[in-house]
Amino acid sequence: MKSKTAKLPGDQLLAILAALSNPHRLRILAALQSEGRNYVSQLAREIGISRPLLHLHLQKLEGAGLVTSQLELSQDGKALNYFEVSSFAIELTPAAIAEAVKTLTSNPESTNPES
């Protein structure tokens, strides 16, 4: 069976590449992929980073569409924000980049290179 990858708009491709350009975010994706969905406190302990820093990275991943979150109440009434990896496949070829560039709306001079 052939795998079908959708063409990504340029801005979405940039968001995905920016999200994947950080080692913490790669570790987060790997942990969620191998261990399954998890809540912030437990995930922070497993990865070995603070909850505030994890939140920043999860926001970037969620903004790029690479993870999803769902707020749930535990039996003792605590609100737990669970995250899981979204299903995605990205074909990164010169042709795919050329197509994505045609739809860019971002101004390259205004983007933050340290994202």
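Checked against side chain to side chain donor-acceptor pair (under 3.5 Å), K78 has no partners two or more places apart in sequence or in another chain. For A15, the side-chain contact (heavy atoms from CB on, under 4.5 Å) test picks out A64, with sequence neighbours left out. The salt bridge (Lys or Arg N to Asp or Glu O under 4.0 Å) search around R51 returns none, not counting sequence neighbours. With sequence neighbours excluded, the residues that form a side-chain contact (heavy atoms from CB on, under 4.5 Å) with A95 are T93. Not a single side chain to side chain donor-acceptor pair (under 3.5 Å) links S50 to another residue, sequence neighbours left out. For L71, the side-chain contact (heavy atoms from CB on, under 4.5 Å) criterion is met by A79, N81, not counting sequence neighbours. Looking at residues two or more places apart in sequence or on another chain, you find no salt bridge (Lys or Arg N to Asp or Glu O under 4.0 Å) involving E84. With sequence neighbours left out, L17 forms a side-chain contact (heavy atoms from CB on, under 4.5 Å) with L13, L92. Checked against side chain to side chain donor-acceptor pair (under 3.5 Å), E46 has the following partners two or more places apart in sequence or in another chain: N38, Q42. Listed by chain and residue number, E62 satisfy the side chain to side chain donor-acceptor pair (under 3.5 Å) test with S69 (two or more places apart in sequence, or in another chain).
The shortest side-chain heavy-atom distance between D11 and T103 does not fall under the 4.5 Å cut-off.
Between the side chain of T68 and the main chain of S86, no donor-acceptor pair closer than 3.5 Å is present.
Applying the side chain to side chain contact (heavy atoms under 4.5 Å, CB included) test between I28 and each of V85, L66, I47 identifies I47 as the sole match.
Taking CG from L54 and OG from S41, the interatomic distance works out to 9.0 Å, rounded to the nearest 0.5 Å. Taking CD1 of I16 as the reference point, atom CG of L61 lies at 10.5 Å (rounded to 0.5 Å). If you take NE2 on H55 and CG on L53, they are separated by 11.0 Å, rounding to the nearest 0.5 Å.
Among residue pairs with one or both ends in residues 29-43, those qualifying as salt bridge (charged side-chain N to carboxylate O under 4.0 Å, His left out) are R37-E72; sequence neighbours excluded. Counting only residues at least two apart or in different chains, ring-ring contact (aromatic ring centres under 6.0 Å, His included) contacts with residues 13-48 comprise H24-H57, Y39-Y82.
Heavy atoms only, all atoms of each residue included: F83 and V40 are closest at CE1-CG2, 3.5 Å. Pairing each heavy atom of E91 with each of A96, the nearest pair is O-CB, 3.3 Å.
L43 is not connected to L80 by any chain of hydrophobic side-chain contacts under 4.5 Å among Ile, Leu, Val, Met, Phe, Trp and Tyr, and they are in different clusters.
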